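Atoms within each ligand, like the ligands themselves, are counted from 1 in listed order. Keep in mind that this is a model prediction, so the values were computed, not measured.
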Amino acid sequence: MKYILANWKMYLNYEESVNLAKQIKSLDTEDNLIIFPSALAFKEIVSMGFETGAQNVSWAPQGAYTGALSAFLYKEVGAKYALVGHSERRYIFGENNEDVRKKVESCFDVGLTPVVCIGETKEDKDESKTQYRIKKQIMKVFDNLDIGNNKIIIAYEPVWAISHGGEGQPCTPADAEDVMGLIKREILEYTDNEIPILYGGSVDEKNVLSYVALEDCSGVLVGSASTKIDSFTEIIKELSDIN
Ligand code: PEP
């Protein structure tokens, strides 16, 4: 069954989050749907019976870290997943590969599944550094990582394809396929574990099937379109037809 991850970012206030969740609930979908709401709406969305994930976690478990929320704290209120290394965290908030690795390990420590976002920037792409960037990001996550019985998901999100609320420039399925194939081969250098690979970046109701049809694509991470009930309903319908 393909994954549908809905990253609501900081788009919705509390009331809008709860209302959207109610509308999604009424679709009664059987899909592998995971919602990443704001921290403020988190418990409410959990109590409605959704699988949920944190949009970000601190690598420290608890303590004097003003404003931070850890994997440990999210786990306690019902999270099962956490986005780690989202490009908005990397490029707006300055997180690096070392931070990402520590966050992956902090998720493992409490039994959350990290969804690690990787992808090249526009600059990388223009300078033909996509392979270099992807290989490095994967190496930093997987080198000597003790996965044990934990799960980990990789989301390929070309940074230049993320919509930031406006019109994004989606990656062509053919280009996504090339990079996702590379990701799959690279991961095999480090582990034989089954690691789902998702695609994210301007996914909407019109293009979602073209991504999930790709051989190495286990689902999608949807930002902006997951916050609009009409688009998201269509995405869910498209996927439930093939799931
Ligand atoms: C994202 O930021 O994870 C994302 C996929 O955003 P969008 O769908 O809005 O491009």
Exercise. Is Y81 reaching over with its side chain to a backbone N or O of F36, donor-acceptor style, under 3.5 angstrom?
Worked result: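 No, the answer is negative, given that no donor and acceptor are paired below the 3.5 Å cut-off.
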Exercise. For the side chain of N19 and the backbone of K22, is there at least one donor-acceptor N/O pair under 3.5 Å apart?
Worked result: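 No.
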Problem set entry | Residues which pass side-chain hydrogen bond (donor to acceptor under 3.5 Å, both in side chains) with E51, listed by chain and number, not counting sequence neighbours |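 In terms of side-chain hydrogen bond (donor to acceptor under 3.5 Å, both in side chains), with neighbours along the sequence ignored, E51 is linked to K80.
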Problem set entry | Qualifying residues under side-chain hydrogen bond (donor to acceptor under 3.5 Å, both in side chains), relative to T113, sequence neighbours excluded |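 None.
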Exercise. Out of curiosity, is A225 lining ligand 1, as in a heavy atom under 4.0 Å away?
Worked result: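 The answer is no: ligand 1 sits nowhere under 4.0 Å from a heavy atom of A225.
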Show which atoms of ligand 1 fall inside a sub-4.0 Å distance from at least one heavy-atom site of [X].
| X | value |
| --- | --- |
| N7 | 3 (O) |
| I162 | 2 (O), 6 (O), 10 (O) |
| K9 | 1 (C), 2 (O), 4 (C), 6 (O) |
| S224 | 7 (P), 8 (O), 9 (O) |

Problem set entry | Any N/O pair G223/ligand 1 closer than 3.5 Å |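 N/O-N/O distance under 3.5 Å: yes.
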Exercise. Polar-atom distance check: S163 versus ligand 1, any N or O pair below 3.5 Å?
Worked result: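 Yes; the residue has a nitrogen or oxygen that sits under 3.5 Å from a nitrogen or oxygen of the ligand.
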For this session: Would you indicate whether the side-chain heavy atoms of Y199 and E157 approach each other to under 4.5 Å?
Result: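 A side-chain contact is absent here, since even the closest heavy-atom pair is not under 4.5 Å.
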Exercise. Hey, is CG on D143 packed in by over 12 heavy atoms from elsewhere, all under 6.0 Å?
Worked result: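 Count over threshold, so yes.
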